[in-house]
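Comments concern the structure below.
Each chain gets a letter, A, B and so on, in the order its sequence line appears, and its residues count up from 1. Remember, it's a predicted structure, so these values are computed and weren't measured experimentally. All values below come from the heavy atoms of this structure, side chains included, with hydrogens, waters and symmetry mates left out.
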There are 2 protein chains.
Amino acid sequence: MSKRGSAPTLEDVAAEAGVSRATVSRVVNADPRVSESARERVLAAIDELGYAPNRAARSLVTRQADSIAVVIPETDARVFSDPFFAGTLHGIATALSRTELQMILVMGQPDDGDGRLSKYLRGGHTDGAIITSHHRRDEFWRTAQAAGLPVVFLGRPFAPVPGMPYIDVDNAHGAALAVRHLLEQRRTRIATIAGPVDMVAGADRLAGWRGELRGAGLRDDAVAHGDFTAAGGRAAMEALLASHPDLDGVFVASDVMAVAAMEVLSAHGRSVPDDVSVVGFDNIDTAAEATPALTTIVNPIAAMARQAVGLLLGLMNGDVVPAAVTLSTELVVRDSSIPTSRR
Amino acid sequence: MSKRGSAPTLEDVAAEAGVSRATVSRVVNADPRVSESARERVLAAIDELGYAPNRAARSLVTRQADSIAVVIPETDARVFSDPFFAGTLHGIATALSRTELQMILVMGQPDDGDGRLSKYLRGGHTDGAIITSHHRRDEFWRTAQAAGLPVVFLGRPFAPVPGMPYIDVDNAHGAALAVRHLLEQRRTRIATIAGPVDMVAGADRLAGWRGELRGAGLRDDAVAHGDFTAAGGRAAMEALLASHPDLDGVFVASDVMAVAAMEVLSAHGRSVPDDVSVVGFDNIDTAAEATPALTTIVNPIAAMARQAVGLLLGLMNGDVVPAAVTLSTELVVRDSSIPTSRR
DNA sequence: TTGAAAGCGCTAACAT
DNA sequence: ATGTTAGCGCTTTCAA
């Protein structure tokens with residue numbers, strides 16, 4: 001019988017099984033140094049009492065939180081509406097489900113080392129962190145570093161931090177693939193809706209677009225920036241249409257923005273793909289369902305998430321892990337890029 | 001100076017400030033019974049040492065986890081792709097951001113009282129729980145009840161549990177509004193794509209549809225069930241078209257399914273809204289952006305989430321809280337329901 | 001293989 | 001106003 005009201009403790013189990021607390025602890029933690037008979041009695045007692053270890057007490061002594069933080073320095077509104085984050089979180093959650101680790105979502109604006117976020121990272125609530133959607137000015141990784149917290153970047157940081165590996169996708173190459181495809185469609189005035197300049201993915205995709213265009217001897221001045229949201233994509237497309245009305249192809253740095261851009265093009269009487277070929281980036285679910293179906297670059301989000309978890313676990317385990325892992329992209333051709341005359 | 005390696009503790013701060021641990025604790029917890037001079041010295045020491053309280057130690061003694069669980073008995077794939085959950089989580093996160101509470105997302109298949117989920121609820125990791133997407137067979141609330149954990153249902157449970165309040169939206173009334181609107185468009189063969197029968201929201205919306213149709217003296221046999229996913233909506237629409245080819249109106253129990261259903265209708269050469277009027281439910285962002293724009297019932301998800309957090313906080317605080325809160329719905333008329341001839 | 005005992009960092013009586 | 005002290009439930013030496 002446990003003390004009335006409160007949850008059963010190790011002590012209760014020990015009493016019920018007629019052994020010491022230490023033995024119960026060993027059974028719970030799968031320590032082999034326990035006799036078969038003792039183990040059986042303890043297991044029976046645990047079952048009988050419905051015992052569940054108190055994590056706080058365990059954490060206090062082991063100095064482990066059994067959880068990792070997923071840091072996303074964006075507003076929760078953004079996180080919960082962007083399919084990119086959905087994919088990332090899904091991937092991480094899936095990879096984590098094989099472990100005993102809890103995933104703790106930490107959103108919100110980054111700070112200068114002393115806000116909520118940094119406080120949290122310092123509080124010892126987690127055993128590691130995956131930092132994603134990293135912006136140039138974000139520096140809370142310093143907090144993590146100072147606290148000795150294992151960290152993995154999901155998406156290459158601006159300046160790699162020694163000891164903090166990153167997983168990235170070959171953004172520049174993906175963008176180049178997109179442009180090459182556009183060139184193959186005989187497009188000669190190719191614009192881009194780039195991502196934010198303060199994010200590596202945005203900068204890399206822009207660089208890839210630029211490199212490929214220059215290589216083909218074409219102008220690379222038709223650039224508008226969006227913030228990876230639909231509204232941002234719409235605004236950027238409007239700006240592009242105003243500044244470069246002769247465009248016949250657009251590489252958009254994210255599918256969310258690309259779908260929005262296609263709507264703007266239609267609204268302006270430009271047929272996609274007959275007047276303008278559009279290629280997105282990410283290959284989110286809605287890309288295939290858009291009208292017209294969106295040609296895009298596959299961003300292996302799930303694989304990245306899995307890799308990130310793998311690296312973090314390695315880091316937490318003291319293993320030697322690679323400083324960087326880069327995944328490749330590929331082109332998926334759908335209707336939005338191929339003029340009907342060329343089918 | 002703190003002990004080498006480890007994070008500074010209360011003890012370190014106390015030594016640095018020249019006071020006792022208790023005084024530091026009082027400062028940290030904003031206890032007024034501290035002299036101004038002591039407070040200042042402690043604050044300086046905290047700043048100097050970069051002290052952050054160890055949550056595990058605190059939890060151990062206060063028996064509070066400073067976090068609440070958001071239980072969603074669906075696969076993480078589903079949770080992270082359905083805008084309904086996005087809205088819910090966003091609402092909860094927003095409401096929680098005013099507090100010191102952490103939100104812990106607990107997903108995965110429900111169990112019969114002894115799986116991962118129940119273990120977690122019993123482990124004392126949280127001070128309360130919001131259970132959403134409740135299915136008929138889910139019974140882990142029993143675990144919570146046995147553990148004395150405050151629980152709020154986001155969405156009415158099949159059988160209300162005394163002491164566990166619920167927030168719900170008037171689903172039946174919303175469905176009735178939808179049907180009434182369809183009747184006003186002179187639709188006489190009105191079908192429905194209902195939600196899963198094992199979820200209250202599904203059952204209530206079906207009942208609302210049925211009641212209104214019968215009231216109008218129309219047949220209520222054109223029913224297909226979907227699981228609130230796009231794929232489910234597509235399949236249900238196909239089934240409906242096969243079994244009731246004469247339908248001229250459809251009330252779909254969720255926008256995600258409604259958008260999918262409209263695609264199927266188009267693919268079958270049925271014009272929406274000229275041949276068939278469609279009304280959805282939820283009013284997610286994409287409803288307004290669909291082609292045609294989807295007429296739907298506003299589901300006040302954010303308000304529900306806010307209410308749920310409010311009730312849970314009240315419960316955790318020992319306040320007397322209402323056993324149920326029901327929010328009302330309203331109709332938003334867009335293009336999908338009104339034949340062009342009637343504009 | 002098992003148990004006794006110390007202690008993780010903190011809060012909360014209780015004493016002063 | 002401040003300090004002293006006793007645990008919270010667990011893991012982990014150290015002895016036996």
Side-chain angles (χ1 to χ4, degrees), chain A residues 2-43 45-46 49-66 100 119 122-125 127 147, chain B residues 2-43 45-46 49-66 100 119 122-125 127 147:
Chain A
S2 77
K3 286 168 249 163
R4 56 193 136 67
S6 56
T9 69
L10 253 199
E11 183 111 39
D12 298 322
V13 176
E16 174 84 15
V19 298
S20 72
R21 301 210 306 272
T23 300
V24 178
S25 176
R26 290 186 187 109
V27 171
V28 171
N29 294 293
D31 188 314
R33 302 172 302 175
V34 185
S35 68
E36 197 49 44
S37 69
R39 180 188 316 284
E40 275 170 21
R41 270 178 299 146
V42 169
L43 255 19
I46 287 177
L49 266 33
Y51 168 76
N54 178 316
R55 250 188 172 174
R58 176 181 279 174
S59 284
L60 186 55
V61 41
T62 62
R63 297 161 160 288
Q64 300 230 320
D66 293 337
E100 289 284 274
K119 270 245 166 61
R122 238 189 297 109
H125 313 310
D127 302 323
Chain B
S2 78
K3 285 168 251 162
R4 53 194 138 64
S6 55
T9 69
L10 252 200
E11 182 111 39
D12 298 322
V13 176
E16 174 86 14
V19 298
S20 73
R21 301 209 308 271
T23 300
V24 178
S25 176
R26 289 186 188 108
V27 172
V28 170
N29 294 294
D31 189 315
R33 304 171 302 175
V34 184
S35 70
E36 198 48 46
S37 69
R39 180 186 315 284
E40 274 172 20
R41 269 178 300 146
V42 169
L43 255 18
I46 287 177
L49 265 35
Y51 169 77
N54 178 316
R55 252 193 170 174
R58 176 181 282 171
S59 285
L60 187 55
V61 42
T62 61
R63 296 162 161 287
Q64 300 229 324
D66 293 337
E100 288 285 273
K119 271 247 165 61
R122 240 190 293 109
H125 314 310
D127 303 323

Rounded to whole Å, the CG-P distance (A:Leu60 to D:dC8) equals 13 Å
On DNA chain D, more 5' by nearest nucleotide between B:Val61 and B:Ala22 is B:Ala22
Under 4.0 angstrom, heavy atoms only, what part of the nucleic acid is B:Ala56 near: base, sugar-phosphate, or nothing?
nothing
A:Asp66 atom CG is separated from D:dT11 atom P, nearest whole Å, by 10 Å
Contact under 4.0 Å: B:Asn54 side-chain N or O vs C:dC8 OP1/OP2: no
_Measuring only between side-chain heavy atoms, which start at C-beta, is A:Val24 closer than 4.5 Å to A:Arg21?_
no
Whole-Å distance, A:Gln64 CD to D:dT12 C1', equals 14 Å
Winner on side-chain proximity to B:Asn29, out of D:dT4, C:dC10, C:dT11, is C:dT11
Whichever of A:Gly18 and A:Arg21 has the more 5' nearest nucleotide on DNA chain C, that residue is A:Gly18
In whole angstroms, the gap separating C1' of D:dT11 from CZ of A:Arg55 amounts to 16 Å
Taken to the nearest whole Å, CG/B:Asp31 to P/C:dA12 is 9 Å
Ranking B:Val34 and B:Ala57 by the position along DNA chain D of their nearest nucleotide, the one closer to 5' is B:Val34
Has the side chain of A:Asn54 got a donor or acceptor atom that lies under 3.5 Å from a matching backbone atom of A:Ala56? yes
_Tell me whether the side-chain N/O atoms of B:Thr23 come closer than 4.0 Å to OP1 or OP2 in D:dG3._
yes
When the rotation axes relating C1' atoms of four end pairs to the next four are compared across the helix from C:dT1-D:dA16 to C:dT16-D:dA1, five pairs an end, they differ to 10° by 30°
Worksheet entry | Test item: A:Asp127 side-chain N/O and A:Ala65 main-chain N/O as donor-acceptor pair under 3.5 Å | yes
Q: For A:Ser35, answer base if it contacts any base atom (sugar-phosphate contacts may also be present), sugar-phosphate if it contacts only those atoms, and nothing otherwise; contact means non-hydrogen atoms under 4.0 Å.
A: sugar-phosphate
A:Glu36 atom CD is separated from C:dT1 atom P, nearest whole Å, by 11 Å
Is a donor-acceptor contact shorter than 3.5 angstrom present between the side chain of B:Arg26 and the base of D:dG3? yes
For C:dG3, does OP1 or OP2 lie under 4.0 Å from any side-chain N or O of A:Ser20? yes
| Residue pair A:Arg39 / A:Ser35, side-chain heavy-atom distance below 4.5 Å | no
OG1 of B:Thr9 to OH of B:Tyr51, rounded to nearest 0.5 Å, is 7.0 Å
* Mind checking B:Arg33 for me? I need base, sugar-phosphate or nothing, with any heavy atom below 4.0 Å counting as a touch. => base
Of C:dC8, C:dA4, D:dC10, the nucleotide closest to the side chain of A:Tyr51 is D:dC10
Quick note, A:Pro53 side chain, CB onward, closest among D:dC10, D:dG9, D:dG7 is D:dC10
Note to self: So B:Val19, base contact, sugar-phosphate only, or nothing? Heavy-atom distance under 4.0 Å.
What the structure shows: sugar-phosphate
Is there a side-chain contact between A:Leu60 and B:Arg55, using heavy atoms and a 4.5 Å cut-off? no
Whole-Å distance, B:Leu10 CG to D:dT5 C1', equals 15 Å
With a 4.5 Å heavy-atom cut-off, do A:Asp66 and A:Arg58 have their side chains touching?
-> yes
Could you tell me if the side chain of B:Val28 sits less than 4.5 Å from the side chain of B:Ile46, heavy atoms only?
yes
Q | Check: D:dG9 base within 3.5 Å donor-acceptor of B:Arg63 side chain | A | no
A:Arg58 CZ to D:dG9 P, in whole Å, measures 15 Å
